[in-house]
Amino acid sequence: MDPFVFFIVLASLYGVLYFFDRFFKSCMHYPYDAFLKNTGLSINFMSLHWHTSAFNRTLLRWGSAGNSCTRRVMITSFNVGVLVTFSLLPIGLILLIATIFSSGEQDSSSSVSSPVGVPVQLEILLPGVNLPLEEIGYYITTLVLCLVVHEMGHALAAVMEDVPVTGFGIKFIFCLPLAYTELSHDHLNSLRWFRKLRVLCAGIWHNFVFAGVCYLLISTVGITMSPLYAYNQHVVVTELTRKSPLRGERGLQVDNQITQVNGCPVNSEESWVTCLQNSLKLKPGYCVSADFVQLNDESSAISHHSIDGQLQCCDELNPNVSCFEVVEDANGDVPVELPQHVCLNVRRTLEEVSEHCSSGVCNEGFCLRPLIRNITAIMTFKRQNFRGEKLPPVIYVGHPWDVTRTVEVSAFVPRYSLLKAAWPDAWLLLLKYNVVFSIGLALINAIPCFGFDGAHITSTVIHSFLVGRVDQHAKRDIISLIITSVGSLLFALALLKVAWLSFLRPLL
């Protein structure tokens with residue numbers, strides 16, 4: 001979805017909710033207040049808050065269920081979580097510093113090949129990971145999942161340490177989701193330092209484990225989807241943009257399965273891109289019979305193009321024809337019955353092609369190579385339908401970038417007509433974002449920063465290990481405040497850098 005449309009629709013929904021909230025509070029005060037109290041909802045301007053204690057007993061059962069062996073496994077897991085959290089701290093600080101002091105300039109090679117109208121991308125704190133803003137719906141869904149997993153980690157660890165869980169809540173500030181778990185601070189602060197760290201580090205550990213689970217699902221997606229989809233056998237067209245040059249009766253259609261591009265087999269999205277790139281680099285020849293050439297040759301006087309010097313043997317005003325050069329075979333022989341250059345109708349010629357050739361050798365006919373500009377390629381797409389029946393090939397003359405930019409394909413070929421190839425792609429994309437966001441959330445929460453777990457972890461460590469050297473509690477609080485302030489400053493500078501690269505600089 002277009003991000004501008006998404007923000008408009010979301011703002012409109014918030015406006016409608018806020019209007020009816022004010023209306024019901026003035027006209028149906030007591031029934032509406034009872035409804036809000038029972039559901040735990042709270043509606044404010046451009047924000048929505050939900051709080052509940054309905055999961056308290058469920059969490060208590062989960063935390064206390066099982067035998068002593070299960071409890072030992074969970075305790076060991078949370079112990080590992082503490083070690084992982086402390087190992088993530090230097091990594092998170094290094095990433096923050098690298099984000100702040102990086103130049104933020106695009107690679108020169110990427111800037112040459114990128115189109116003019118590149119969509120706005122959101123640059124996050126993980127190097128090399130840029131997020132297109134059009135997929136903001138995935139980001140919000142992923143953030144909600146990662147936050148819920150994070151808070152469930154805190155809640156389970158608290159139950160294991162006999163710390164009462166008083167509630168759970170989610171708050172949306174416009175499109176930004178926030179989640180929290182309410183714990184009894186008195187019980188939490190009365191724990192010994194390592195038991196308290198188990199609770200504080202459990203959210204980060206759960207995000208780390210959740211990222212691993214999602215990565216495992218990504219790695220096995222071909223197996224898990226195999227009953228419904230054939231994976232990496234061909235690619236299927238899922239979408240054609242409105243301005244795609246391959247639209248039309250003779251062009252590609254949604255749900256077409258593409259098997260070859262210029263004779264290059266297509267069995268995955270990677271091979272699809274490789275075959276398109278090769279169509280521009282390799283410039284394959286075509287095996288055509290001499291009788292076809294003699295019957296369809298439209299050659300005119302040979303000349304050179306007035307702009308780029310390209311050899312011409314056709315009428316420049318006719319876009320349907322192209323000049324073809326007869327390719328010598330390995331022995332340097334040229335067929336005497338054909339001239340060196342012939343002018344042929346491109347579509348008719350490619351429909352007549354029996355095979356492709358590169359060294360001038362054909363089993364039947366002669367090898368002809370089109371004389372076209374370096375930025376142009378002739379692409380022949382062989383395709384089939386859902387039942388495996390071959391369809392007429394699609395021929396396109398242009399730049400491969402026009403294809404990759406306007407044609408969306410998927411490596412998941414449905415086994416049944418009711419299924420859509422876009423569904424597993426959406427699931428796979430959601431899993432990838434869960435990996436990125438879970439690792440990012442774990443790294444950020446490990447940093448000593450106000451509002452994050454790192455601030456509480458830092459305070460716990462300082463009050464536990466400096467109690468013998470710094471007797472006064474207030475001085476230890478000052479040390480914790482200084483460390484957390486430095487981490488918060490680094491995080492704020494990184495956020496400003498991300499905002500500059502993602503939003504402000506593209507507007508200038």
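- Between Cys343 and Cys323, the gamma sulfurs sit at a distance of 2.5 angstrom or greater.
- Sorted by first then second residue, the disulfide (SG to SG under 2.5 Å) pairs that include residues 385-427, not counting sequence neighbours, number zero.
- Within the 4.5 Å cutoff, side-chain heavy atoms of Arg383 are placed close to those of Gln253.
- For Asn434 (side chain) and Leu430 (main-chain N/O), a donor-acceptor pair under 3.5 Å exists by modelled atom type.
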Would His49 and Tyr180 count as a ring-ring contact (aromatic ring centres under 6.0 Å, His included) if you check the C-alpha gap in whole Å, the side-chain angles of each, and the deciding distance to 0.1 Å? CA-CA 11 Å; His49 182 203; Tyr180 62 90; 5.8 Å; yes
Could you give the side-chain donor-acceptor pairs of residues 412-424 under 3.5 Å, partners two or more places apart or in another chain?
unit_1, atom_1, unit_2, atom_2, d
Arg415, NE, Ser226, O, 2.7
Arg415, NH2, Ser226, O, 3.3

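- At least one side-chain heavy atom of Ser244 sits less than 4.5 Å from a side-chain heavy atom of Val407.
- Aromatic ring pairs are classed by plane angle as parallel below 30°, tilted from 30° to 60° and perpendicular above 60°; the pair Trp272 and Phe381 is tilted.
- Legend: residues meeting disulfide (SG to SG under 2.5 Å) with Cys146, ordered by chain and number and at least two apart, are absent.
- For Tyr215, the OH atom is loosely surrounded, since the number of other residues' heavy atoms within 6.0 Å does not exceed 12.
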List the steps, then state whether side chain to side chain contact (heavy atoms under 4.5 Å, CB included) holds for Tyr433 with Thr141. CA-CA 10 Å; Tyr433 279 138; Thr141 304; over 6 Å; no
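- By the 30° and 60° cut-offs, the orientation of the rings of Trp205 relative to Phe208 is parallel.
- For Tyr396, the side chain to side chain donor-acceptor pair (under 3.5 Å) test picks out Asp402, with sequence neighbours left out.
- In this structure, the disulfide (SG to SG under 2.5 Å) partners of Cys367, at least two apart in sequence or on a different chain, are Cys357.
- Counting heavy atoms from C-beta outward, Val149 and His206 have side chains that approach closer than 4.5 Å.
- Looking only at side-chain heavy atoms (C-beta outward), Ile395 and Thr380 come within less than 4.5 Å of each other.
- For the residue pair Ser289 and Asp291, no side-chain donor N or O sits within less than 3.5 Å of a side-chain acceptor on the partner.
- A 4.5 Å side-chain heavy-atom check between Thr99 and Phe491 finds every atom pair outside the cut-off.
- Here salt bridge (Lys or Arg N to Asp or Glu O under 4.0 Å) pairs that include residues 351-370, with residues two or more places apart or in two chains, number zero.
- Although no hydrogens or angles enter the test, the distance criterion places no donor-acceptor pair under 3.5 Å between the side chain of Asn345 and the main chain of Val321.
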Carefully, step by step, assess Ile447 and Leu490 under the rule side chain to side chain contact (heavy atoms under 4.5 Å, CB included). CA-CA 10 Å; Ile447 298 169; Leu490 291 175; over 6 Å; no
Determine, stepwise, if the pair Asn278 / Val261 fulfils side chain to side chain contact (heavy atoms under 4.5 Å, CB included). CA-CA 9 Å; Asn278 290 341; Val261 178; over 6 Å; no
Report the C-alpha distance between Asp425 and Glu408 in whole Å, list the side-chain angles of each, state the deciding distance to 0.1 Å, and finish with yes or no for side chain to side chain contact (heavy atoms under 4.5 Å, CB included). CA-CA 11 Å; Asp425 280 335; Glu408 296 288 338; over 6 Å; no
